[in-house]
Amino acid sequence: MVKTLVLFLSLFSTTFCWAQTKPETDLYVAGYRNEDFNTAYLAFIKKKNDSLYFFSNDESRYSVIPSHSFEKDTLDLKINLIVTNNKIALYNTSDQDKQDYHYFKVENAEFTIDQVRELKGKRYTAELDKAAMIPNRDLKIQREIYFLDSSNVEITHTYSLNNNILFTEKEIKNITVHSMDNKVFFSFYDGELNLNNRWYQLTNLQKDKFAFVHYAETKKIIDVYSLNSNKNPEINTSNFKMCWDRRPKEYYNFDPDISYTHGNNSLLKRLIKDAPITKGNGFITIHFAINCEGKVGRFGLEQMNTKYQSASYDPKLIKHLIQEISKITEWELPEKIQTDTHRFLMFKVTNGKITEVWP
Amino acid sequence: MALKKFVLYNILIFIGFCHSSYSQESNPFEHLSKEERIKLADKYHDLSQTVYQTSEMHRIYKDSALLAVPDHVNYIQRASYSYKKAGEHIKAIEVLNKAVAIDTTNGKTTALEYKAWSMLYFYRDYESTIKDVDKVIEISKIPYKACHGESCLLLKAQAYYQLGEYKKAIETFENLFTILKEQGVNPKDDFLANFYLARSYFKLNNLDKSLFYLQEQLNMPYSVKAELNFYAAQIYVLKNDKEKAKQHFLKAKELYLQNDKMIEPYVERFDEIFMNDIELEISKL
């Protein structure tokens, strides 16, 4: 009995060690550059015979370096490469600039381009925690991808609260599908495909669902899309797209802050006109992005009571606020702004009525 | 027998491994000395300053600093900034309250001072501002305390002003001015206190006193002139002196365009004016 147990333990250890050391793949996909901004980046690395081969999106190899971690100081550039089994990070630091690039080992899921063609003409929906890195606690956010043809998709974001659809946003994007080592990657983009786009790896493809893996803010994100037999209902649909696939800057990173041109008192009058009444006292924070063209979209929501704990207010009021905020174009934007911005408006609820707005 | 011992040894190693994995997960820095953990916390804090404040990376570095020294009040307080500035208020207040609890238990008020300041400007929670300022003064036993760069009494008086308790606001401003005089400071140098004192008198319909403080500030070198002219003009409108009202509104407009107006990063000040407000008042004349 004891002999059997020893044998079992030894076999278990051997299998465990083998599983830990056997390389599953040597392909790494770019997750992002500038880790704190999560800037989309389109590239691959192949690890082979102690070397790392860097590939751009068109598979042209542009650099080869040893595959072990190292630090190298040249006259004007410090390079730091960190290689682990699951991630490769490259830091380039000079007096003028600091860039970091983060690649992640691809998932072991193989598909053919022919299999992907099955998606054409179908609509799929995934639930997201937040959209475009805009903070969200309470809204249910769904992203629908409608594969129009081999090169275009229609993407719709739907924002709901307690099963009430509050708002929808729609945009058309180009799509490219890329196969490398039998792994399939999607990228959604405007204009021309370039390095500032992101790869989404297809990790599951079934009759009624598929999954994408991408990387954001140090984390692996898995979005599972389910087939929609019908088109999602649309409420007050706006056409909105972010200018960049990266963390938007905060409103206070500009001088002056990006705020409503006519001040909070005017904003309050505008937003509470015909606003439904709710119950209770507390705070409602509506988060949103202002894109580089000054348009509003990508909403988030946090509802609190007066003790700063989670609360809920009438979805009709939230719907009113989101819809009214989406119409605002009078933002104090810097001339020639090229970035997207994260802004939020906080509302005080006093006996069910909105009484103040700030910051 | 030897085999039995071997099996037992293997099982013990396995249990030990699991336990150590669990401990490392709960606090990977547990094995370090206090000094080493302080150094590590400082290092993580410094690293957090090199990345964007509302990013996940910043939060990871901040959390790591607090894994090394969990009761570091300053680092806990500063960890809350990332959430507050991003408008993630439930988490921001949860973290800040932790800093306040540890700090006040130790008889200190730094975190509470910051909370009082935040409650006024970032949460417009006027009752909490008053409560926090009173507690700061009670714990510190110092009547004139600064709350994150502004006099705590100025915050308290503004909170009363926003609550519509104008007499209490005036009393608090007077109290602040008495303390400033005792310290050899000219109360007129405090623009914000004098401005909101004038506004409090205005709300109580004491137009002459309101105008007095506005005019006094108009003569001070470091006051903000667009708002002073605007609110002085409003008083002249009520006094039926349209000529003077117009002069002050036009001056307010001129100064506004020169940026001689209230400008505060992150938040809008109470009674801050905008071009639309000025244009509307001029059109009514």
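None of the values given here were measured: they were computed from a predicted structure. So you know, we letter chains A, B, ... as the sequences are listed, proteins then strands, and number each from 1.
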Take atom [atom1] of [X] as the centre, draw a 6.0 Å sphere, and report whether it contains more than 12 heavy atoms from other residues, nucleotides or ligands.
| X | atom1 | value |
| --- | --- | --- |
| A:Asp129 | CG | no |
| A:Gln338 | CD | no |
| B:Lys84 | NZ | yes |
| B:Lys135 | NZ | no |
| B:Lys131 | NZ | no |
| A:Trp331 | CH2 | yes |

Could you tell me which of B:Ser128, B:Ala92, B:Gly87 has the largest number of non-hydrogen atom pairs under 4.5 Å with chain A?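 Max contact count across the listed options: B:Gly87.
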
What part of [X] lies closer than 4.5 angstrom to a heavy atom of chain B: side chain, backbone, both or neither?
| X | result |
| --- | --- |
| A:Phe254 | neither |
| A:Gln303 | backbone |
| A:Thr261 | backbone |
| A:Asn38 | neither |
| A:Lys98 | side chain |
| A:His262 | both |
| A:Arg343 | neither |

Could you tell me which portion of [X] (side chain, backbone, both or neither) has an atom closer than 4.5 angstrom to a non-hydrogen atom of chain A?
| X | answer |
| --- | --- |
| B:Glu127 | neither |
| B:Gln162 | side chain |
| B:Glu268 | both |

Would you tell me whether A:Tyr308 and B:Asn97 have side-chain atoms, one donor and one acceptor, within less than 3.5 Å of each other? no

Gap between atom OG of A:Ser259 and atom CZ of B:Phe274 - 0.5 Å precision: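 It comes to 6.0 Å.
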
Starting at CD of A:Glu35, measure out to CE of B:Met57 and round the result to the nearest 0.5 Å. 4.5 Å

If we ignore hydrogens and angles and just use 3.5 Å, is the side chain of A:Trp358 paired with the main-chain N or O of B:Phe122 as donor and acceptor?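 Such a contact is found between A:Trp358 side chain and B:Phe122 backbone.
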
Say whether, by atom type as modelled, one donor and one acceptor occur between the side chain of A:Glu302 and the main chain of B:Ile90 under 3.5 angstrom.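 Answer holds: yes.
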
Using the side-chain contact (heavy atoms from CB on, under 4.5 Å) definition, which of the options B:Ile60, B:Thr50, B:Val51 pairs with A:Asp36?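 Only match with A:Asp36 under side-chain contact (heavy atoms from CB on, under 4.5 Å): B:Val51.
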
Quick check: do [X] and [Y] have side-chain heavy atoms less than 4.5 Å from each other?
| X | Y | value |
| --- | --- | --- |
| B:Asp277 | A:Ser266 | yes |
| B:His89 | A:Met304 | yes |
| B:Lys85 | A:Tyr251 | no |

Considering non-hydrogen atoms only, spot the tightest contact between [X] and [Y] and give its length.
| X | Y | value |
| --- | --- | --- |
| A:Phe283 | B:Tyr123 | CE2-O, 3.2 Å |
| B:Pro265 | A:Asp257 | C-OD2, 3.4 Å |
| A:Glu250 | B:Tyr52 | N-OH, 2.8 Å |
| A:Pro135 | B:Ala86 | CG-O, 3.8 Å |

As an exercise: rank A:Thr218, A:Asn136, A:Asp255, A:Ile134 by heavy-atom pairs under 4.5 Å with chain B and give me the winner.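 Looking at each of A:Thr218, A:Asn136, A:Asp255, A:Ile134 in turn, A:Thr218 comes out on top.
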
